[in-house]
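In this text, all values refer to a predicted model and were calculated from it rather than measured experimentally. Numbering starts at 1 and runs along the sequence shown.
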Amino acid sequence: MGVGRRGRGDLRHLLIQGAQAVLRAGAQTTLGQWGWKLFARKGHRHIAVAAVARKLLVQVWHVLSDHPPQALETSKSVTLKLHKLAVTLGKSLRVQLGLPAQLKPCLLELQKRFLQPSAT
């Protein structure tokens, strides 16, 4: 089942735009690789865009339902993003947020929080 003509038009439009951005990223993401393989198999870009949009929608639904989806990024890219986040926060804000003040222990704590599934 696709995303065409169902639900709110503005949200559908955003999902399609997000899917097109994922496909533009191409082989840089797992979802982009999957979308391009689907495009090669089906022969129509619109089918691949709608399928990627639906996968994005399912991921959003999982997040909103408090069931974190499986990570679609490699752990290396997530680790790099968490490192940038920790550096951007700065030492004082990390302490205010209950994170370790030093960068390396803070990064380990963020990885533990974000990369491991919660037990809820």
Original post:
By ring pair (Phe, Tyr, Trp, His ring centres under 6.0 Å), which residues pair with W36, not counting sequence neighbours?
Top reply: F39
Original post:
So, do V52 and W34 sit near enough that their side-chain heavy atoms are less than 4.5 Å apart?
Top reply: yes
Would you be so kind as to tabulate the donor-acceptor pairs closer than 3.5 Å made by side chains of residues 15-25, with sequence neighbours excluded?
none

Kindly list each side-chain donor-acceptor pair under 3.5 angstrom involving residues 83-109, sequence neighbours excluded, with atom names and distances?
| residue | atom | partner | partner atom | Å |
| --- | --- | --- | --- | --- |
| T88 | OG1 | K84 | O | 2.7 |
| R94 | NE | A101 | O | 3.3 |
| R94 | NH1 | A86 | O | 2.6 |
| R94 | NH2 | A101 | O | 2.6 |
| E109 | OE2 | R113 | NE | 2.9 |

With a cut-off of 3.5 Å and sequence neighbours excluded, list every side-chain donor-acceptor pair involving residues 41-48.
none

Original post:
How far does CG of L56 sit from CG of L31, to the nearest 0.5 angstrom?
Top reply: 5.5 Å
